[in-house]
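Just so you know, ligand 1 is whichever comes first in the structure, and atom 1 is the first atom listed for that ligand.
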Amino acid sequence: MSDEAPKKDGLSRRGFLSLAAMGAAIVSFLTVLGGIFRMTKATVHYEESRKFKIGKPDEFPIGTVKVLDDKNVFIFADNDGMHAISNVCTHLGCIIAPVDWGFQCPCHGSRFDKSGKVIGGPAPRPLPWLEVSRHVDGNLMVNAAKEVEIGTKFKV
Ligand code: FES
């Protein structure tokens, strides 16, 4: 004979435990199923391309110094060609300003000469020179994701 007396109304203890076990099994199953569905989707974070067009070569006559604020780049054109230098300080990422003798960071006072080499302050390395190239449509392009050696100029 069972040691559990059936109750007249409501659940017996055995019935309650059965329901609880079934509920826990269903929740576990759904959790596993959710995990499996989630694994089928790749976790990819797409980034905006760091290559951008800056215009036709005739927009940059010799002597041009142009600041592209939205791209954080200085563009220079001289007799040897064109080059692009990042205007993001290599110390903590403030935006540097051009001055007569080069560039100066307003945040902690780093100073860079006209080629971007550090001449003072806490900046640990020179300003990166960025790759300049020509797109097939004739526009000049800067690749902010690709550094080139200091002094590398693109012949227009
Ligand atoms: S961020 Fe430029 S010197 Fe600190």
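- S110 OG, 3.1 Å is the protein heavy atom nearest to atom 3 (S) of ligand 1.
- No more than 12 heavy atoms of other residues, nucleotides or ligands shown are found within 6.0 angstrom of NZ on K117.
- In the vicinity of C94, heavy-atom distances shorter than 4.0 Å reach the ligand 1 atoms 1 (S).
- A side chain to side chain contact (heavy atoms under 4.5 Å, CB included) with I54 holds for exactly one of M141, M82, H135; it is M82.
- The nearest heavy-atom contact from the protein to atom 1 (S) of ligand 1 is L92 N, 3.3 Å.
- The two residues A123 and F112 have their closest heavy-atom pair at CB-CZ, 3.6 Å.
- Between F76 and F103, the two ring planes are perpendicular [angle over 60°; tilted spans 30° to 60°].
- Restricting H108 to its N/O/S atoms, the shortest distance to atom 4 (Fe) of ligand 1 is reached by ND1.
- Close contacts between ligand 1 and C105 involve ligand atoms 1 (S), 2 (Fe), 3 (S) [criterion: under 4.0 Å to a heavy atom].
- Here the closest non-hydrogen pair linking P122 and H108 is CD-O, 3.6 Å.
- Looking at H91 and atom 4 (Fe) of ligand 1 together, the shortest N, O or S contact belongs to ND1.
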